[in-house]
Amino acid sequence: NGSNEPIIICENVNKWYGNFHALKDVSLRVKRGEVVVICGPSGSGKSTFIRTINRLEEHQEGRIIVDGIEMTNDIRNIDAIRREVGMVFQQFNLFPHLTVLQNITLAPIWVRKKTRKEAEAKAFELLERVGIREQAHKYPGQLSGGQQQRVAIARALAMEPRIMLFDEPTSALDPEMVKEVLDVMKTLARSGMTMLCVTHEMGFAREVSDRIVFMDQGQIVEEGTPDQFFTNPRNERTKLFLSQIL
Ligand code: ADP
Ligand code: MG
């Protein structure tokens, strides 16, 4: 579906954890190929929000429509949306007892019913893309954090998603490894992937994103182009946040 309809539509999404109102009327539309950075203080609902998009968290009110499919309780819709969405977490969540290659080919073989040969060919292509082809037969524990995160990105891409969600993908990395992961994300962004990235890497946000969304206390309180956001933030909370982070 290559229409001009936004690929992600969130309308007045509300979520509570018990009595705690974690998402308050969150609305966001993301166009195909758009790269949106979400930032905001810890506890502002960033993870909760992006996790509602592939139903790792369930929202109670509002609508979420991904590539024309509405997120309902129907497992068929949930599966259909999950097929479209790849996710990369702060913790890489690789299977420690599987090699890099096995980590990447597992779901394509078992979920997508690809042949091993097909899945491995694709995996090597992706490993080449993220710059770690030589590590294919190593175990996650033998790799640096930056290499493990690049495996996690390759693993998500192996399912051929149309959308990639990143939740603080560089926050668990030693500083010298942050750039290699951001470079992979940058290349992915330039290839036309639709991306929603929770990150506090403001250099990446400035250089790569089309739009920056600022969340505070469960709400989107400001959004704009990087230029607007950095040079002319309107919201006091945004200004405070930027003064602390830049
Ligand atoms: P962020 O990613 O912006 O740091 P989160 O989305 O993780 O924020 O959390 C938003 C708020 O929801 C926080 O106050 C957090 O404590 C709360 N929260 C997150 N997950 C749960 C949960 N499973 N149960 C109860 N409260 C939660
Ligand atoms: Mg978070």
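Only a predicted model underlies this, so the values are computations on that prediction, with no experimental measurement involved.
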Report task. Apply the test side-chain contact (heavy atoms from CB on, under 4.5 Å) to residues Arg63 and Ile9: give CA-CA distance (whole Å), side-chain angles for both, the deciding distance (0.1 Å), then the verdict. Result -> CA-CA 8 Å; Arg63 300 179 74 189; Ile9 302 173; over 6 Å; no
Query - Candidate pair Val37 and Phe204, rule side-chain contact (heavy atoms from CB on, under 4.5 Å), full reasoning - result: CA-CA 9 Å; Val37 159; Phe204 174 86; 4.1 Å; yes
Report task. Can you establish whether the number of heavy atoms outside Asp174 located under 6.0 Å from its atom CG is more than 12? Result -> yes
Query raised in the report: Between Gln149 (side chain) and Phe89 (backbone), is there a donor-acceptor pair under 3.5 Å?
Result: yes
Query raised in the report: If you group Ile, Leu, Val, Met, Phe, Trp and Tyr by side-chain heavy-atom gaps below 4.5 Å, do Met164 and Ile64 land in one group?
Result: no
Report task. Could you tell me the separation between the CD atom of Glu118 and the NZ atom of Lys122, rounded to the nearest 0.5 Å? Result -> 11.0 Å
Requested in this report: Please work out which of the three classes, parallel, tilted or perpendicular, describes the rings of Phe95 and His97, given edges at 30° and 60°.
Outcome: perpendicular
Query raised in the report: Is a side-chain N or O of Arg150 found less than 3.5 angstrom from the main chain of Val184, in a donor-acceptor match?
Result: no
Query raised in the report: Does NZ belonging to Lys31 count more than 12 external heavy atoms closer than 6.0 Å?
Result: no
Report summary line: Nearest heavy-atom contact between Gly146 and Leu173 is N-CD2, 3.7 Å
**Report entry** Within-4.5 Å side-chain heavy-atom neighbours: Asn73 and Arg55
**Finding:** yes
Query raised in the report: Under a 4.5 Å cut-off applied to non-hydrogen side-chain atoms, are Val26 and Thr52 in contact?
Result: no
Query raised in the report: With Ser243, which of Leu246, Ile245, Leu240 fulfils side-chain contact (heavy atoms from CB on, under 4.5 Å)?
Result: Leu240
**Report entry** Polar side-chain atom of Gln228 near backbone of Thr225 as donor-acceptor pair, under 3.5 Å
**Finding:** yes
Report task. Give the minimum heavy-atom separation between Ala205 and Pro226, together with the two atoms involved. Result -> O-CG, 3.7 Å
Query raised in the report: Is there a side-chain contact (heavy atoms from CB on, under 4.5 Å) between Thr99 and Gln102 once you walk through the steps?
Result: CA-CA 5 Å; Thr99 66; Gln102 289 166 337; 3.3 Å; yes
**Report entry** Heavy-atom check, side chain of Glu57 versus side chain of Phe49, under 4.5 Å
**Finding:** no
Query - Expected output: side-chain Lys46 to main-chain Pro41 donor-acceptor under 3.5 Å - result: yes
Query raised in the report: Are side-chain heavy atoms of Asn14 and His59 found at a separation under 4.5 Å?
Result: no
Query raised in the report: Counting only N and O atoms by type, is there a donor-acceptor contact under 3.5 Å from the side chain of Glu222 to the main-chain atoms of Asn235?
Result: yes
Query - Over all atoms of both residues, closest heavy-atom pair of Met193 and Ile163 - result: SD-N, 4.0 Å
Requested in this report: Examine His200 together with Phe241 and report whether their ring centres are nearer than 6.0 Å.
Outcome: yes
Report summary line: Of all heavy-atom pairs linking Phe214 and Gly40, the shortest is CE1-CA, 3.6 Å
Query raised in the report: Are Asn77 and Met71 close enough that some pair of their side-chain heavy atoms sits under 4.5 Å apart?
Result: no
**Report entry** Cationic N near anionic O, under 4.0 Å, Glu160 to Lys114
**Finding:** yes
Query - Under 3.5 Å: donor-acceptor pair, side chain of Gln142, backbone of Tyr139 - result: yes
Requested in this report: Report the C-alpha distance between Thr105 and Glu120 in whole Å, list the side-chain angles of each, state the deciding distance to 0.1 Å, and finish with yes or no for side chain to side chain donor-acceptor pair (under 3.5 Å).
Outcome: CA-CA 6 Å; Thr105 56; Glu120 288 187 350; 5.2 Å; no
Query raised in the report: Would Leu182 and Leu157 show up in the same hydrophobic cluster when neighbours are defined by side-chain heavy atoms closer than 4.5 Å?
Result: yes
Query raised in the report: Taking atom CE of Met185 and atom OG of Ser209, what is their separation to the nearest 0.5 Å?
Result: 10.5 Å
Report task. Say whether Ile81 and Val36 are linked into one hydrophobic cluster, either directly or through other cluster members, by side-chain heavy-atom distances under 4.5 angstrom. Result -> yes
Query raised in the report: What pair of heavy atoms forms the shortest contact from Gly145 to Met177, and how long is it?
Result: N-SD, 3.9 Å
Query - Test item: Lys138 and Leu143 side chains (from C-beta on) under 4.5 Å apart, heavy atoms - result: yes
Query raised in the report: Going by the angle between their ring planes, with limits at 30° and 60°, are His21 and Trp16 parallel, tilted or perpendicular?
Result: parallel
Query raised in the report: Hey, what do you get for CD1 (Ile220) to OG (Ser27), rounding to the nearest 0.5 Å?
Result: 7.0 Å
Query raised in the report: Is there side-chain contact between Leu56 and Ile50, with heavy atoms separated by less than 4.5 Å?
Result: no
Query - Joint hydrophobic cluster, Leu165 plus Val198, side-chain heavy atoms closer than 4.5 Å - result: yes
Query - Minimum heavy-atom distance Leu98-Pro140, with the two atoms named - result: O-CD, 3.1 Å
Query - Atom CZ of Arg190 with >12 non-hydrogen neighbours under 6.0 angstrom - result: yes
Report summary line: Interatomic distance, CD1@Ile153 vs CD@Gln148, rounded to 0.5 Å, equals 12.5 Å
Query raised in the report: Is a donor on one side and an acceptor on the other found under 3.5 Å between the side chain of Asn54 and the backbone of Val85?
Result: no
Query - Option passing salt bridge (Lys or Arg N to Asp or Glu O under 4.0 Å) with Asp67 (candidates Arg83, Arg82, Arg32) - result: Arg32
Query raised in the report: Checking Gln147 side chain against Ser144 main chain: does a donor-acceptor pair fall under 3.5 Å?
Result: yes
Requested in this report: Would you confirm whether Lys24, through its side chain, and Gln217, through its main-chain N or O, come within 3.5 Å as a donor-acceptor pair?
Outcome: yes
**Report entry** Worked verdict on Glu61 versus Lys15 for salt bridge (charged side-chain N to carboxylate O under 4.0 Å, His left out)
**Finding:** CA-CA 7 Å; Glu61 286 179 12; Lys15 175 175 178 65; over 6 Å; no
**Report entry** Stepwise side chain to side chain donor-acceptor pair (under 3.5 Å) check, Asn93 with Arg155
**Finding:** CA-CA 11 Å; Asn93 300 343; Arg155 182 176 61 174; over 6 Å; no
Query raised in the report: Do the side chains of Ile212 and Cys39 get nearer than 4.5 Å, heavy atoms only?
Result: yes
**Report entry** Axial cation check for Phe230 ring with Arg206, 6.0 Å and 45° limits
**Finding:** yes
Requested in this report: Show your reasoning for whether side-chain contact (heavy atoms from CB on, under 4.5 Å) applies to Lys186 and Asp183.
Outcome: CA-CA 5 Å; Lys186 195 188 300 182; Asp183 282 347; 3.9 Å; yes
Query raised in the report: Backbone N or O of Glu176 within a donor-acceptor pair of the Lys179 side chain at under 3.5 Å?
Result: no
Query - Leu23 with Ile38, same ILVMFWY side-chain cluster at under 4.5 Å - result: yes
Query raised in the report: Between Glu34 and Thr194, do the side chains contain an N or O donor and an N or O acceptor separated by less than 3.5 Å?
Result: no
Report summary line: Separation between CZ (Arg211) and CG (Leu28), nearest 0.5 Å, reads 5.0 Å
Requested in this report: State, without any angle test, whether Asp216 and Ser44 hold a side-chain donor-acceptor pair at a distance under 3.5 Å.
Outcome: no
Report summary line: The reported gap from CZ in Phe124 to CZ in Arg133 (rounded to nearest 0.5 angstrom) is 5.5 Å
